[in-house]
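Before any comments, here is the structure.
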Amino acid sequence: MLDLRSIRQDPEEVRERLRVRGDPAETDAAIDRVLELNAERRRLIAEVDVLKARRNSVSEEVGDRKRHGEVVDDLILEMREVAERIKGLDADLRASEAGIEDVLLRTPNTPDPGVPTGGEADNVVVREWGSPPVFDFQPRPHWELGEELGLVDLEVGAKVAGSGFPAFIGPGARLRRALIDWMLDLHVREHGYTEVSPPFLVTQAAMKGTGQYPKFVQEGDAYEVKEDGLYLVPTAEVPVTNFHREELLDGHRLPISYVAYSPCFRREAGAAGKDTRGLLRVHQFDKVELVRFERPEESDAALERLTGHAERVLQALGLPYRVVLLAGGDLGFASRKTYDLEVWAPGVGRWLEVSSSSNYWDFQARRADIRFRPAPGAKPEFVHTLNASGVALPRTLVALIENGQQADGSVVVPEVLRQYVGTERFKR
RNA sequence: GGAGGGUUGGCAGAACGGCUAAUGCACCGGUCUUGAAAACCGGCGGGCGCAAGCCCAUCAGGGUUCGAAUCCCUGGCCCUCCGCCA
């Protein structure tokens, strides 16, 4: 959520920065609406405060005079009327506050000054690591290899849950579990994260805190358990960031860094017909997520380090990848700045996004009310939250299979995974 | 699923429906001190305001009342017991 005060103080600046995302008509209208409602809100506050002050002082007087046995019927009569007017004005006030909240909850974060204007085509490749393997045969897609080697069974997944719910079999199931264990170990041991295991269903308040509610939810992307008012997590970011919702943290606790495994559930409502084959886009997938709570002045540097932690996974697996700075139009709703990690998949001949590393600045912290005291005795401030996938499984699995494939149809397992998987090679 | 108890500041913990949330701890500033501790003085939820000051704030939302932390209703969460169950 954007800061109401900064919108009021410099609306042009906020408009300017939101334009980097494109769609200036919509965001300009949102800012106009907020300014209008806020002017009304301030007017109502001024009006109702006078009445409340009167009520408070008269109520005090009533108490005094009653104790002295005086009759105060006239005052009580007057106050009855004042109480009615206060009730009416308070209702108006709540309505304008709700209106402001409603608009602000739907207004995305302002991009960082370093974020390029434009859409996906304006994303910037910041760096590349490794080089795509050279094959003396035609590399095959993972859905062929995965099925042939008995690692993945899309049919069986579809039978029990519908398409987009893959089932992993035998060594494939082992590989899935191995990747999760190994990644968790890596981030705990080498990057100092605290491992946590969150609930996989969350409340609407939690979804609101990280920014999935209202937009993501109302666009039908979240699976909802209506009876309990809960949502299946689209990412561990939601429960883990909300660990500290409505908390005032001691400054010396920062930074806080968590790593969590969770399954992720997404309806992919807007992606009908896209990437329907294989594991490229599914409704349920596994992900190891990194979540950080930082002091504001640290968060820019923390984003670079965080991205490096996710990169380390791909480096250790020997997978060629590139780091992409997202342009404004490609930026997630809550994010101020995002790097995507894209891994090369020779079988499908594409770069696949396996991680998104974002600095949310104080956007989520304001929604979720996560503050810290910068110094003893100082006023509380909002923390900055960040997170990165470290990393998402299915596409990483795709890359492992497609990059590791041999002419005979077998797939070589990267060195670091061998003790977790228990084999050097998947073969028929 | 049933019954009961609880929910107040960073923490602990008071408050016959009225005098507008006591007190302690922690923390911040000051006095004192060579320095510290102790002691003492002041501050220590949020908003608006240059200021005086005003308003809001006792889990959330309704209600009763001139006036609600306090009474009533609904809901959340925590704890205890019973039932069921992995």
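Per chain, numbering begins at 1; letters A, B, ... match sequence-line order. All values below come from the heavy atoms of this structure, side chains included, with hydrogens, waters and symmetry mates left out.
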Please write out the pairs of protein N or O atoms and N or O atoms of nucleotides 17-19 of chain B separated by less than 3.5 Å, giving the distance to one decimal.
{"unit_1": "B:G18", "atom_1": "O2'", "unit_2": "A:Arg67", "atom_2": "NH1", "d": "3.3"}
{"unit_1": "B:G18", "atom_1": "N2", "unit_2": "A:Ser59", "atom_2": "O", "d": "2.7"}

For residues 155-168 of chain A, tabulate all N or O donor-acceptor pairs below 3.5 Å that involve a side-chain atom, not counting sequence neighbours.
none

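- Across the protein-nucleic acid pair, A:Glu247 atom CD and B:C11 atom C1' stand 14 Å apart, rounded to whole Å.
- With C1' as the reference atom, B:C28 and B:G10 are 13 Å apart, rounded to whole Å.
- Place A:Arg94 and A:Arg80 on RNA chain B by their nearest nucleotides, and A:Arg94 ends up nearer the 5' end.
- Nucleotides B:G75 and B:A68 have their P atoms positioned 24 Å apart, rounded to a whole Å.
- Contact annotation: the side chain of A:Asp369 approaches that of A:Phe382 to within less than 4.5 Å [non-hydrogen atoms, C-beta and beyond].
- Relative orientation of the A:His191 and A:Tyr193 rings is perpendicular, given thresholds of 30° and 60° on the angle between their planes.
- Contact between the side-chain N/O atoms of A:Arg55 and the OP1/OP2 oxygens of B:C66 is not found at any separation under 4.0 Å.
- Stretches of at least 3 consecutive Watson-Crick or G-U wobble pairs, with each checked distance under 3.5 Å, appear in RNA chain B as B:1-7 with B:76-82, B:10-12 with B:23-25, B:27-31 with B:39-43, B:45-48 with B:53-56, B:59-63 with B:71-75.
- Rounded to whole Å, the distance from CD1 on A:Ile86 to P on B:U65 is 15 Å.
- Here, B:G49 and B:G43 have their P atoms 24 Å apart, quoted to the whole Å.
- No more than 12 heavy atoms of other residues, nucleotides or ligands shown are found within 6.0 angstrom of CD on A:Glu147.
- Following rounding to the nearest Å, A:Asp250 (CG) and B:C11 (P) show an atom-to-atom distance of 10 Å.
- The side chain to side chain contact (heavy atoms under 4.5 Å, CB included) with A:Arg15 is formed by just one residue from the set A:Thr27, A:Asp28, A:Ile7; it is A:Asp28.
- Atom pair A:Leu44:CG and B:C55:P shows a separation of 17 Å (rounding to whole Å applied).
- Across the protein-nucleic acid pair, A:His252 atom NE2 and B:C27 atom P stand 12 Å apart, rounded to whole Å.
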Fill in the blank from the handout: Per-nt protein contacts along nucleotides 42-50 of chain B (heavy atom under 4.0 Å; B base, S backbone sugar-phosphate only, - none) come out as ----SSS--
Problem - side chain to side chain contact (heavy atoms under 4.5 Å, CB included) assessment of A:Leu93 paired with A:Ile45 - result: CA-CA 7 Å; A:Leu93 183 57; A:Ile45 288 173; 3.7 Å; yes
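- Atom name P, nucleotides B:C72 and B:C81: the rounded distance is 27 Å, in whole Å.
- Distance check on atom P: B:U74 versus B:G83 gives 27 Å, rounded to whole Å.
- A donor and an acceptor atom, one from each side chain of A:Tyr231 and A:Gln204, are located under 3.5 Å apart.
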Practice task
Show your working on side chain to side chain contact (heavy atoms under 4.5 Å, CB included) between A:Thr396 and A:Val343 and close with a plain yes or no.
Solution key: CA-CA 8 Å; A:Thr396 301; A:Val343 69; 5.7 Å; no
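- In this structure, a donor-acceptor pair under 3.5 Å is absent between the side chains of A:Tyr360 and A:Asn109.
- Only one option out of A:Thr338, A:Asp340, A:Asp330 pairs with A:Asn123 in a side-chain hydrogen bond (donor to acceptor under 3.5 Å, both in side chains); it is A:Asp330.
- Across the protein-nucleic acid pair, A:Glu246 atom CD and B:U7 atom C1' stand 14 Å apart, rounded to whole Å.
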Distances under 3.5 Å only, N/O to N/O: pair up the protein atoms with those of nucleotides 75-79 of chain B.
none

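- Rounded to whole Å, the C1' atom of B:C48 lies 26 Å from the corresponding atom of B:G29.
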Problem - Candidate pair A:Phe293 and A:His244, rule ring pair (Phe, Tyr, Trp, His ring centres under 6.0 Å), full reasoning - result: CA-CA 9 Å; A:Phe293 302 80; A:His244 294 299; 5.0 Å; yes
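- The side chain of A:Asn56 places no N or O atom within less than 4.0 Å of a non-bridging phosphate oxygen (OP1 or OP2) of B:C66.
- Distance check on atom P: B:U8 versus B:C78 gives 14 Å, rounded to whole Å.
- Nucleic acid contact class of A:Leu248 (heavy atoms, under 4.0 Å, all strands): sugar-phosphate only.
- Between A:Gln218 and A:Arg106, the closest side-chain pair of non-hydrogen atoms falls below 4.5 Å.
- In this structure, A:Arg292 forms no cation-pi arrangement with A:Tyr258, as its terminal cationic atom is not both closer than 6.0 Å to the ring centre and no more than 45° off the ring axis.
- In this structure, A:Arg54 atom CZ and B:G67 atom P are separated by 13 Å, rounded to whole Å.
- Taking atom C1' on both B:G6 and B:U70, the two are 16 Å apart, rounded to the nearest angstrom.
- Under the 3.5 Å distance criterion, with hydrogens and angles disregarded, no donor-acceptor pair is assigned to the side chains of A:Tyr261 and A:Asp181.
- Look at CD1 on A:Ile370: it is 17 Å from C1' on B:G10, rounded to the nearest Å.
- In this structure, A:Asp10 has no salt bridge (Lys or Arg N to Asp or Glu O under 4.0 Å) partners at least two apart in sequence or on a different chain.
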